[in-house]
2 protein chains.
Amino acid sequence: MPKNCNFIEKLREVGLRPTKQRIKMCEVLYNREKTFHFTINDLVKMISEQMNQKISLATVYNTVHAFEKKGYLKEISIDSHKSYFDTNTSAHHHFFDEDTHELIDCDESDIDKINIRKKITGKKINSVELLVRVASDNQTQK
Amino acid sequence: MPKNCNFIEKLREVGLRPTKQRIKMCEVLYNREKTFHFTINDLVKMISEQMNQKISLATVYNTVHAFEKKGYLKEISIDSHKSYFDTNTSAHHHFFDEDTHELIDCDESDIDKINIRKKITGKKINSVELLVRVASDNQTQK
DNA sequence: CAATAGTTTAGAATTATTATAATGTAGATT
DNA sequence: AATCTACATTATAATAATTCTAAACTATTG
Ligand SMILES: [Mn+2]
Ligand SMILES: [Mn+2]
Ligand SMILES: [Zn+2]
Ligand SMILES: [Zn+2]
């Protein structure tokens, strides 16, 4: 979703009623310069800080999954213990900082084209994504 | 761990006492031609089928994590809702069949060398792994 | 054969997530 | 504008995966 767009219209377009909660979530998620990564918990905190009224955890889950289904959010699997979501819904690669548990997007231009020679019969490729795990470089220093 | 090796010795070598449960788990995991992928649930079923005596779920978790720490197992993140483990502990790529939820290893030779141009200052690369999601190809057929 | 440290175990606790069912509300219909 | 209805929100209960606890057990050492 583009920044500062008419969220009410955007929600209606995809058949989601523009409720107070959903509009606030759109603002928190999409009214910013860059896309970002978050966990449900991160998001609940962000919303709570920006709303006078409390939002139910169930609504956050419902809405995140509704947005995901409509293609406005994407789930990322790096840690099998928690779901990460991404407002960048295109297929793209990530760095994962194992010290800070932070995800960093990787531009197409950062990686040479990936060529997959293996084919699986009867199956088509849905996505090709790289995960580059990094950690602080504090070992052999002179 | 190599197939048909002396698991008792191997366990002792890394400081794990060779208990009945651990030896059985070694047999189930490593006495086979090829490496494979499993969930904790898969593993509990496999062990139960091969043991007269029951094994505690806690022991399976404990032992899987002990083996992981010793480098005999590797955790794979594809689905944020469940942990997958791999007896192939080298860094390697995967196909994930979204229909069957099956993981398939990808040989080094199946993928052209991946060149990462982006550097993150103060961080070293620990691993570079590709996940290729595939699904059945049942759409536009003439 | 102790003694001891490590291991297994059942069951409780925790965490993330989903289901339930009552209440509320957006948008359509009168 | 009042009413209707399908969709949403909510608190709370339920579930599922995983971890913790503390007692019973066992491999190894002396
Ligand atoms: Mn999900
Ligand atoms: Mn784990
Ligand atoms: Zn991203
Ligand atoms: Zn594998």
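Naming: A, B, ... by sequence-line order, numbering from 1 per chain.
We find that CD1 of I55(A) is positioned 15 Å from C1' of dT25(C), with the value rounded to whole Å. What separates NZ of K54(A) from P of dT9(D) is a distance of 14 Å, to the nearest Å. Counting to the nearest Å, the P atom of dT15(C) and the CG atom of D42(A) are 16 Å from each other. With rounding to whole Å, F38(B) atom CZ is found 16 Å from dA17(D) atom P. For N62(B) and dT18(D), the CG to P distance is 13 Å, given to the nearest whole Å. In this structure, the CG atom of L57(A) is 15 Å from the C1' atom of dT20(C), given to the nearest Å. Rounded to whole Å, the distance from CD on Q53(B) to C1' on dT8(C) is 10 Å.
For the pair F7(A)/N31(A), a side-chain contact is recorded, criterion being any heavy-atom separation below 4.5 Å from C-beta on.
Judged by distance alone, the side chain of H65(A) and the main-chain N or O of T63(A) form no donor-acceptor pair under 3.5 Å.
When only modelled atom types and interatomic distance are considered, S83(A) and E75(A) share a side-chain donor-acceptor pair under 3.5 Å. Side-chain N/O atoms of D107(A) and H93(A) include no donor and acceptor closer than 3.5 Å.
At dT10(D), one or more side-chain N or O atoms of T59(A) fall inside 4.0 Å of OP1 or OP2 (strictly under the cut-off). Residue S83(B) places at least one side-chain N or O under 4.0 Å from the OP1 or OP2 atom of dT18(D). Contact check, Y61(B) against dT18(D): a side-chain N or O comes under 4.0 Å of OP1 or OP2.
Pairs of residues two or more places apart, or lying in two chains, never qualify as salt bridge (charged side-chain N to carboxylate O under 4.0 Å, His left out) while including a residue from residues 52-63 of chain A. The salt bridge (charged side-chain N to carboxylate O under 4.0 Å, His left out) contacts involving residues 29-43 of chain B comprise K3(B)-E33(B), where partners must be two or more places apart or lie in separate chains.
Grouping the Ile, Leu, Val, Met, Phe, Trp and Tyr side chains by contacts below 4.5 angstrom, directly or via other members, places I104(B) with L130(A).
Considering only side-chain atoms of A58(A), the nucleotide from dA16(C), dA10(C), dA19(C) that sits closest is dA19(C). Here the nucleotide nearest the side chain of H65(B), chosen from dT18(C), dA17(D), dT19(D), is dT19(D).
Within residues 4-23 of chain B, the residues approached by DNA chain D to less than 4.0 Å at the level of any non-hydrogen atom are R12(B), R17(B), P18(B), in residue-number order.
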